[in-house]
Amino acid sequence: MERAYELMQLELPEGSIDSDELEVLSILIKEYELEHFPIPSPHPLEAIRFRMEQLNLSESDLSNILGARSRKSETLSGKRKLSLGMIRKLYEKLKIPAEVLIKEY
């Protein structure tokens with residue numbers, strides 16, 4: 001990590017030995033972190049809320065995406081599971097990965 005940090009502070013020309021070293025170190029660091037510190041995928045409803053916040057969307061905006069207002073309310077409260085159609089719309093409109101939305105909850 002220390003060496004990668006040192007290399008990142010430099011303006012390395014593409015294709016240089018140091019640039020190649022930084023690329024290899026970055027790959028090794030990424031693989032190490034994935035193996036030893038995996039990040040679990042988020043809860044589907046939390047992912048929806050987070051994405052809405054990122055896009056500055058209101059719950060009424062979500063109603064427009066999912067359909068009926070009651071459907072949005074029941075879905076966000078956890079009373080209604082996401083349907084395949086909802087998952088497709090959320091993936092298409094909010095760009096939330098389908099593998100996050102299909103997760104059991």
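What you see below is based on every heavy atom in this structure, not just the backbone, and it leaves out hydrogens, waters and symmetry mates.
- Clustering of Ile, Leu, Val, Met, Phe, Trp and Tyr by side-chain heavy atoms under 4.5 Å joins Ile29 with Met1.
- Here the NZ atom belonging to Lys72 is positioned 12.0 Å from the CD1 atom belonging to Ile65, to the nearest 0.5 angstrom.
- By the 4.5 Å side-chain criterion applied to Ile, Leu, Val, Met, Phe, Trp and Tyr, Ile39 is assigned to no cluster and stands alone.
- Considering CG of Leu57 and CG of Leu94, their distance stands at 6.0 Å, rounded to 0.5 Å.
- Atoms CG and CE, on Leu62 and Met52 in that order, are 4.5 Å from each other to the nearest 0.5 Å.
- With hydrophobic clusters built from ILVMFWY side chains whose heavy atoms lie under 4.5 angstrom apart, Met86 shares a cluster with Tyr105.
- For the atom pair Leu25 CG and Glu2 CD, the distance stands at 11.5 Å (nearest 0.5 Å).
- Looking at heavy atoms from C-beta onward, Leu101 lies in side-chain contact with Ile48 at the 4.5 angstrom threshold.
- Listed by first then second residue, pairs satisfying side chain to side chain donor-acceptor pair (under 3.5 Å) with a partner in residues 74-92 read Glu74-Arg80, not counting sequence neighbours.
- Here the shortest heavy-atom pairing between Leu12 and Leu7 reads CD1-O, 3.6 Å.
- Every residue meeting the side-chain contact (heavy atoms from CB on, under 4.5 Å) condition with Gln54, not counting sequence neighbours, appears here in chain and number order: Phe50, Arg51.
- Contacts of Tyr32 classified as ring pair (Phe, Tyr, Trp, His ring centres under 6.0 Å), with partners at least two apart in sequence or in another chain: His36.
- Other cluster members for Ile17: none, since no ILVMFWY side-chain heavy atom sits under 4.5 Å from it.
- In this structure, Val24 belongs to a hydrophobic cluster whose other members, linked by side-chain heavy atoms under 4.5 Å apart, are Leu28.
- The ring pair (Phe, Tyr, Trp, His ring centres under 6.0 Å) analysis of residues 57-84, with sequence neighbours excluded, yields no pairs.
- Residues satisfying the salt bridge (Lys or Arg N to Asp or Glu O under 4.0 Å) test with Arg71, not counting sequence neighbours, are none.
- In this structure, the side-chain contact (heavy atoms from CB on, under 4.5 Å) partners of Ile102, at least two apart in sequence or on a different chain, are Ile87.
- In terms of the side-chain contact (heavy atoms from CB on, under 4.5 Å) criterion, residue partners of Lys103 (sequence neighbours excluded) are, by chain and number, Ser41, Pro44.
- The side chain to side chain donor-acceptor pair (under 3.5 Å) pairs that include a residue from residues 5-28 are Arg3-Glu6, Arg3-Glu21, where partners are two or more places apart or lie in different chains.
- Hydrophobic clustering, with ILVMFWY side chains joined whenever heavy atoms are under 4.5 angstrom apart, keeps Leu84 apart from Leu90.
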